[in-house]
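Quick notes on the structure that follows.
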Amino acid sequence: MAGKDSDKGKSKEAKKEKQVKKEVVHGKKKEVKKETGLGLSYKKDENFGEWYSEVVVTGEMIEYYDISGCYILRPWAMSIWEILQTFFDAEIKKMKIKNSYFPLFVSPAVLQKEKDHIEGFAPEVAWVTKSGESDLEVPIAIRPTSETVMYPYFSKWIRGHRDLPLRLNQWCNVVRWEFSNPTPFIRSREFLWQEGHTAFATKEEADAEVLEILELYRRIYEEFLAVPVSKGKKSELEKFAGGLYTTTVEAFIPNTGRGIQGATSHCLGQNFAKMFEINFENEKGEKAMVWQNSWAYTTRTIGVMIMTHGDDKGLVLPPKVATTQVIVIPVPYKDANTQGIYDACAATVKTLNESGIRAEADFRDNYSPGWKYSHWEMKGVPLRIEIGPKDLANNQVRAVRRDNGAKTDIPVANLADQVKDVLDSIQQNLFETAKQKREACVQVVKTWDEFTEALSQKKLILAPWCDEEDVEKDVKTRTKGEMGAAKTLCSPFDQPELPEGTLCFASGKPAKKWTYWGRSY
């Protein structure tokens, strides 16, 4: 599958290269602001899947690899991951959580210790069976997650109440051998993540941390990626295999009508402590079991951001995570003071950089300004600054926003302050626009007929539910189809009022809570 994908990618790239070459050859004859041959072949509203596959490559986020479901993360994507990592790492260190690193390999005996846990992951576990030409005596698993890797050592390190809490995190890669619809960032066979694993003396401490971490995940999505999410609890059917309960931040993609699990924070209870004998002597001298949590977010965050904000011109990056927040482009006309314009561009970059704004200039002389506009729009840079002869004469710059195309002239005298304001405004606008689109998709339903109608219209469905596992399984069975079955996404913490006598939309039994339902990635 990846072979085909990469061939497709190559042929599109080749076409684009030809268009680009044409553009360069004829660049001087063209009007500076004319559109170039750099656009996307697919429209977001018309063919979302193809649009997404194209935008991640042309925006230079990923490159397809020769193993299906594996992708090369290019610097443009990796720098976003690093910005999120810098934020999250500093926050968990304030919470006295320490970084560590555990091996990639897991022995079968350890992996299979927690039955529910391994059943949940078994189909996705990749195994190493050979070394050179020799078969290994015992195959070794590659971690799909690290509970079973870490917890034998928790048991060794925790002896008494003074050893608690034990709070560790690791930044690493994991492998889950997905077979269904690999999608860059969203579903891949190898991905980057952080995974936190903690142990406490009491359930109260564990419960408090679960929510503290979930709030950090909300901030990653809403404050950095400008993506609105719902905080809530997963159903028993959808919770982490082997855990006590799972909390989540759920995003929604209006174009496809699918929910997407943004990041999860699990309370594991004492289940793993029992299996791995993680006991401690409490203050009374009695033997007790620890309470544990695990929590993670992945490079999926980047895919959710692309799906939410991208448009028919390419990526749209929120300023907080954009590697380059401002691109400065010289626009020299015939007989203009080219050197003066170039110097003004360099001075603009210097001023912005000194104010903590990530700015660059594009001085390449083999591309026309028009081509550069399209190129940096494709890559999603939040703000473009153009400097031409008029701007030079008036001691100003022309600023063009990527989110809405609005143009303003900014005097050089208060450049940095005004650019900061514009970047803040772009960040806010992206979040507000995404929030409005999401809210327009929420449909409250009370009956099965309303539910199926809303599902066919790609809605994010909020319905009263009896909270029974068999009913959820039945909904899945009854909605199976080409688009995939509907399931619970989460029960939001922010619960609307549930009037007495409200019945479950699917079973007709008394409803216990409001729950988001829909198809999901």
Side-chain angles (χ1 to χ4, degrees), residues 116 119-120 203 207 210-211 214 217-218 221 228-267 269 434-521:
D116 288 342
E119 270 178 20
K203 182 173 186 287
D207 288 339
V210 163
L211 295 180
L214 195 70
Y217 292 155
R218 182 202 65 79
Y221 275 100
V229 289
S230 289
K231 280 195 205 177
K233 194 173 174 185
K234 287 282 186 189
S235 68
E236 284 298 298
L237 200 61
E238 292 294 327
K239 75 176 184 183
F240 182 71
L244 180 63
Y245 65 85
T246 290
T247 67
T248 178
V249 287
E250 292 284 320
F252 186 75
I253 309 300
N255 292 73
T256 57
R258 288 182 187 275
I260 186 158
Q261 183 176 288
T264 46
S265 183
H266 317 285
C267 179
K435 199 175 175 188
Q436 282 163 17
K437 282 183 185 168
R438 179 199 168 97
E439 282 168 1
C441 291
V442 176
Q443 181 98 33
V444 177
V445 310
K446 303 278 180 66
T447 67
W448 180 256
D449 287 346
E450 287 174 358
F451 178 81
T452 52
E453 176 61 21
L455 197 62
S456 71
Q457 290 173 5
K458 300 182 178 177
K459 297 293 186 185
L460 172 58
I461 299 164
L462 187 60
W465 179 41
C466 60
D467 198 15
E468 288 183 19
E469 211 169 300
D470 288 344
V471 174
E472 183 176 0
K473 283 178 181 167
D474 186 48
V475 171
K476 271 188 170 179
T477 307
R478 288 163 75 185
T479 55
K480 264 195 181 130
E482 272 179 41
M483 298 277 290
K487 61 180 187 181
T488 59
L489 303 173
C490 75
S491 296
F493 292 146
D494 190 7
Q495 282 277 315
E497 192 191 336
L498 189 67
E500 209 175 310
T502 303
L503 301 179
C504 170
F505 78 97
S507 67
K509 295 176 183 178
K512 290 182 182 166
K513 56 164 82 164
W514 288 95
T515 298
Y516 282 118
W517 295 75
R519 296 194 173 93
S520 80
Y521 280 94

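Reckoned from all heavy atoms, side chains included, excluding hydrogens, waters and symmetry mates.
For S507, the side-chain contact (heavy atoms from CB on, under 4.5 Å) test picks out C466, V471, C504, K509, with sequence neighbours left out. The salt bridge (charged side-chain N to carboxylate O under 4.0 Å, His left out) check on R258 picks up nothing, with sequence neighbours excluded. By the side-chain contact (heavy atoms from CB on, under 4.5 Å) test, P492 is found to be paired with L462, Q495, Y516, residues two or more places apart in sequence or in another chain being considered. The salt bridge (charged side-chain N to carboxylate O under 4.0 Å, His left out) test applied to K234 returns E250, not counting sequence neighbours. In this structure F505 satisfies the ring-ring contact (aromatic ring centres under 6.0 Å, His included) test together with F451, W517, sequence neighbours excluded.
Between T264 atom OG1 and Y217 atom OH the span is 7.0 Å, to the nearest 0.5 Å. Separation of atoms OG1 (T479) and CZ (R519) is listed at 6.5 Å; rounding is to 0.5 Å. Distance check: R438 CZ to I253 CD1 gives 9.5 Å after rounding to the nearest 0.5 Å. From K435, atom NZ reaches atom CD of E439 across 5.5 Å, with rounding to the nearest 0.5 Å. Between atom NE2 of residue H266 and atom CG of residue L244 there is a gap of 12.0 Å, rounded to the nearest 0.5 Å. Here the CG-OG distance, from L489 to S230, works out to 9.0 Å after rounding to the nearest 0.5 Å.
Taking all atoms of both residues into account, the shortest heavy-atom contact from S491 to T515 is OG-OG1, 2.8 Å. Taking all atoms of both residues into account, the shortest heavy-atom contact from T248 to C490 is CG2-CB, 3.6 Å. In plain terms, the two heavy atoms of A263 and L214 that are nearest each other are O-CD1, 4.4 Å. In this structure, K458 and N255 approach most closely via the heavy-atom pair NZ-O, 3.6 Å. Taking each heavy atom of P496 and W514 in turn, the nearest pair found is O-CD1, 3.3 Å.
Residue pairs satisfying the ring-ring contact (aromatic ring centres under 6.0 Å, His included) criterion with at least one member in residues 469-496, sequence neighbours excluded, are absent.
In summary, of the residues considered (K473, K233, K476), a salt bridge (charged side-chain N to carboxylate O under 4.0 Å, His left out) with E238 occurs for K476 alone. Between T246 and the choices Q261, K239, E236, the side chain to side chain contact (heavy atoms under 4.5 Å, CB included) rule is met once, by K239.
A donor-acceptor pair under 3.5 Å is absent between the side-chain atoms of T502 and the main chain of A511, judged by distance alone. A distance-only check finds no donor-acceptor pair linking the side chain of Y221 to the backbone of A251 [under 3.5 Å].
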- prompt: Hey, mind stepping through K231 and T247 against side-chain contact (heavy atoms from CB on, under 4.5 Å) and telling me if it holds?
  reply: CA-CA 7 Å; K231 280 195 205 177; T247 67; over 6 Å; no
message: Under the criterion side-chain contact (heavy atoms from CB on, under 4.5 Å), I'd like the reasoning laid out for S265 against L211: C-alpha separation, chi angles, the key distance, then a yes or no.
response: CA-CA 8 Å; S265 183; L211 295 180; over 6 Å; no
- request: Take T488 and L237, measure what side-chain contact (heavy atoms from CB on, under 4.5 Å) needs, and give me the verdict at the end.
  value: CA-CA 9 Å; T488 59; L237 200 61; 6.0 Å; no
